[in-house]
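Data block below; observations after.
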Amino acid sequence: MDNREVPARATRATRPAAPMLQHPQFDPVAVAIGPLSIHWYGLTYLVAFVLFWWLARRRVALPHFARAGWTARDVEDLLFLGVLGVVLGGRLGYALFYKPGDYLADPLQLLMVWKGGMSFHGGLLGVMAAMAWFAHSRQRPFLQVMDVVAPCVPTGLAAGRIGNYINGELWGRAADPALPWAMVFPQSGTAIPRHPSQLYQFALEGLLLFALLWWYGQRERARGQVAAAFVFGYGVLRFVAEYFREPDSFLGLLALGMSMGQWLCLPMIAGGAALWWWCGQQPQRSR
């Protein structure tokens, strides 16, 4: 054996592992003025609502919506109702989908929003209920309302995922330490390198979904198809992202090795695809 190979092998064997990234552990308080504290998570919600307002105003200015009588005032009313739908639906959805026993035993926990606990799927149902009320009160078709709203939602989801990352919550599953962006989240109570799944969701459900829907929604489509594309697209992208996100500790993985988030995405994928097809089969009509 050539002895010259021995040092090289020893060097490879003893080569130190590449240093792993550490979550920065941001201070959750962005600004503190005396007794008043403004949290980063609250600021991400504010960013989400401002982006919705700005994007929705651009949506209603498109020719096919302008012809249907949409105005900037409608956007302000949509935003107000949407905020109610997100908060109430998100909270109720979390209680129903994730911890029904705990909240049935102590319903007052629903009011303890400072303890956290929001569900996107519940928030979506809350927004749909709010938009149904808006459609009824303004005598507008429900699917037309949802077509206005749908492309304006992903940027808000993106802002929320940044909030999750800043808080160091909803971390990912264990990752190969050789992955350049594997990250240790001290909040998890371990030194295991993990996928920064909040950033994956920011990129997929936020930026990518927004770009696709904004492009798709610029042209007039059959009524309801833009909304259906959102439901289908979110379901697919969230389903994929869940493979990198650590399941809730109190639930773990459910049947077929899938998380609760994945099971909730399946009806979205099927329903979105079916709605998109059905809308395309309806007779052409004004928006």
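Here the structure is a predicted model, which is why all the values come from computation and not from measurement. Numbers here are sequence positions counted from 1.
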**Study point:** Steps toward ring-ring contact (aromatic ring centres under 6.0 Å, His included) verdict (Phe142, His136)
**Key:** CA-CA 8 Å; Phe142 171 69; His136 173 75; over 10 Å; no
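- Within a 6.0 Å sphere centred on CE of Met128, other residues, nucleotides and ligands contribute 12 heavy atoms or fewer.
- A side-chain donor from one of Trp181 and Tyr200 sits under 3.5 Å from a side-chain acceptor of the other.
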Practice item. Before giving the answer on side-chain contact (heavy atoms from CB on, under 4.5 Å), spell out for Met146 and Phe230 the whole-Å C-alpha distance, their side-chain angles and the decisive distance to 0.1 Å. Key: CA-CA 10 Å; Met146 295 306 293; Phe230 168 80; over 6 Å; no
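- For residues 207-229, the ring-ring contact (aromatic ring centres under 6.0 Å, His included) pairs, not counting sequence neighbours, are Phe210-Trp214.
- The shortest heavy-atom contact between Pro247 and Leu253 is CG-CD2, 3.5 Å.
- A 4.5 Å side-chain heavy-atom check between Val60 and Val75 finds at least one atom pair inside the cut-off.
- Environment of CZ in Phe80: sparse, with no more than 12 heavy atoms of neighbouring residues, nucleotides or ligands closer than 6.0 Å.
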Exercise for review: Any chance you could lay out the salt bridge (charged side-chain N to carboxylate O under 4.0 Å, His left out) test for Asp74 and Arg138, step after step, and finish with the verdict?
Suggested key: CA-CA 9 Å; Asp74 291 326; Arg138 300 298 176 87; 2.7 Å; yes
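- Other members of the hydrophobic cluster containing Leu51, listed by chain and number, are Val47; membership follows side-chain contacts under 4.5 Å among ILVMFWY residues, whether direct or relayed.
- Cation-pi geometry between Arg57 and Trp70 is not met: the NZ or CZ atom fails to fall both under 6.0 Å from the ring centre and inside 45° of the normal.
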**Study point:** Glu220 and Arg67: CA distance, side-chain angles, deciding distance, salt bridge (charged side-chain N to carboxylate O under 4.0 Å, His left out) verdict
**Key:** CA-CA 12 Å; Glu220 185 170 9; Arg67 287 197 305 269; 3.2 Å; yes
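- Between Leu170 and Arg245 the shortest side-chain heavy-atom distance falls below 4.5 Å.
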